[in-house]
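Quick note: numbers below take in every heavy atom, side chains included, and nothing from hydrogens, waters or symmetry partners. Residue numbers run from 1 in the order of the sequence given. Order of listing sets the numbers, starting from 1, for every ligand and every atom in it.
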Amino acid sequence: MIELRNVSKMYPNGTKGLNQMNISFAQGEFVAIVGLSGAGKSTLLRSINRLHDITEGDILIDGQSITKAKGKQLRLIRRNIGMIFQSFNLVKRSSVLRNVLAGRVGYHSTLRTILGRFPEKDMNLAFEALDRVNIVEKAYSRADELSGGQQQRVAIARVLAQEAKIILADEPVASLDPLTTKQVMDDLKKINTELGITTIVNLHYVDLARQYATRIVGLRAGQIVFDGPVSEATDERFAEIYGRQVGKDELLGEQRV
Ligand SMILES: Nc1ncnc2c1ncn2[C@@H]1O[C@H](COP(=O)(O)OP(=O)(O)OP(=O)(O)O)[C@@H](O)[C@H]1O
Ligand SMILES: [Mg+2]
C-alpha cells in the first residue's frame, strides 16, 4: 500500500534526512518507527505524504506515485493520508466539532468550507469519529479548553472524519503523561484493528513500540538498521544496533540499559 523505492531526501543545507531507503508497508499494518533524535523518522513520514519533496527515488501510495502527482491527483492521494503531530495542530480557538470537520475540507470547495457549511453526512461522520475516541460530550467546547490527551484524540477524530486509509503519526504521545499516552495509543490501536487503517507511528521508546506495533522499523542516519516483528526487537538487539552509549532516557526508556 505504501512503497518507497530508493528514496533519498537531502535538505538544502546538504543534510541527508533519508539515504536510499527501500521499504514497503502493507494495508492494515501497525508499524512503529524508532531511532535516536535526528535518525530521519519525521523526514520519513513527511516524505510519505509529500510535506517534503524527496530528492531521489519514488514513493507509491496504492500503486500511484505521490512523488510525480500534481494538482487534483495529488489532492486525491493526500486525502487518503491523515497526519497526527506531537503538537496536535488544532485550531485552538475553534470548537472541537469544527476541528474535526476540518478533516472534510479535502472533499469540498474552499468557499463552502470558508462559509462553514457542511452537509449532514459530514456532521454524522464528525460525531461518529468523536464517539469512537470517546469525547462526543466535548463537541462544542473550545479546542484549547481540552487536556493534551483529549486534544490528541480530537486530532485522531479529525483523521477519522477525513476517512483516511493511512495514518502517519509523528511522536503523537511525546508531550503526554503515561496514563494519557496509554489512552491515545489504545485509540490508535483500536482504529487500526477495527477499521483496518494502515498506521505508521514514530515513537521515541522501543518499549512503547513493542506494546502496540506488530512491526518495528529502526532508523539510523536515514537508513533502515532494523526491520522485523516485535518478537525480534529485543533490548539486546537494539543495544547491539545503537550501541551501549544509548543512554538512560534515549530509545530504550528510562529504566533500561
Ligand atoms: N528542515 C531541515 N533542514 C535541514 N536539516 C534538517 C531539516 N529537518 C531535519 N533535518 C536533519 O535531517 C536529519 C533527520 O531529521 P528528522 O527530523 O527526520 O529526525 P527525527 O528522527 O525525526 O528526530 P527527532 O527524534 O529529534 O524528532 C537530522 O540530521 C536533521 O538535523
Ligand atoms: Mg522527529
Discussion item. Does the plane of the ring in Tyr140 sit parallel, tilted or perpendicular to the ring in Phe127? Use 30° and 60° as the thresholds.
Written reply: tilted
Practice prompt. Provide, to 0.1 Å, the distance between atom 26 (O) of ligand 1 and the closest protein heavy atom, together with that atom's residue and name.
Written response: Ser37 OG, 2.6 Å
Practice prompt. Please write down residue, atom name and distance for the protein heavy atom closest to atom 12 (O) of ligand 1.
Written response: Tyr11 CE1, 3.3 Å
Worksheet item: Any Lys/Arg nitrogen of Asp144 or Arg93 sitting under 4.0 Å from an Asp/Glu carboxylate oxygen of the other?
Response: no
Fill in: Cationic N near anionic O, under 4.0 Å, Lys41 to Asp170
no
Discussion item. Considering non-hydrogen atoms of the protein only, which is the closest contact for atom 18 (O) of ligand 1, and what is the distance?
Written reply: Thr43 OG1, 2.5 Å
Fill in: Approximate separation, where rounding is to 0.5 Å, of Ile200 CD1 and Leu44 CG
7.0 Å
Worksheet item: Considering only protein heavy atoms, which is closest to atom 27 (O) of ligand 1, and at what distance to one decimal place?
Response: Glu171 OE2, 3.7 Å
Practice prompt. Taking only heavy atoms of His204 into account, list the atoms of ligand 1 that are under 4.0 Å away from them.
Written response: 25 (O)
Worksheet item: Would one find an N or O of Ala39, backbone or side chain, under 3.5 Å from an N or O of ligand 1?
Response: yes
Fill in: Gly40 N/O to ligand 1 N/O under 3.5 Å
yes
Worksheet item: Roughly how far apart are Ile59 CD1 and Met21 CE, rounded to 0.5 Å?
Response: 9.5 Å
Fill in: Pair Asp122 + Arg104, salt bridge at N-O below 4.0 Å
yes
Worksheet, complete the sentence: Any heavy atom of Leu36 under 4.0 Å from ligand 1? The part involved is backbone
Practice prompt. For atom 13 (C) of ligand 1, grab the closest protein heavy atom and report residue, atom and distance to one decimal in Å.
Written response: Gly38 O, 3.6 Å
Fill in: Cation-pi, Tyr11 ring and Lys9 (6.0 angstrom, 45 degrees)
yes
Item to complete: Distance to 0.1 Å, residue and atom name: give those for the protein heavy atom nearest to atom 30 (C) of ligand 1.
Response: Thr15 CG2, 4.4 Å
Worksheet item: Can we say Arg132 and Glu194 salt-bridge, meaning some charged N sits less than 4.0 Å from an Asp/Glu carboxylate O?
Response: yes
Fill in: Metal check, the Mg ion (ligand 2) vs Ser37 N/O/S, cut-off below 2.8 Å
no
Item to complete: Can you pull out the closest protein heavy atom to atom 25 (O) of ligand 1? Residue, atom name and distance to 0.1 Å, please.
Response: Lys41 NZ, 2.7 Å
Worksheet item: Is Arg210 paired with Asp235 through a side-chain N to carboxylate O contact shorter than 4.0 Å?
Response: yes
Worksheet item: So is Gly35 in contact with ligand 1, going by heavy-atom distances below 4.0 Å?
Response: no
Item to complete: Specify the protein heavy atom at minimum distance from atom 17 (O) of ligand 1: its residue, its atom name, and the distance to 0.1 Å.
Response: Ser42 CB, 3.8 Å
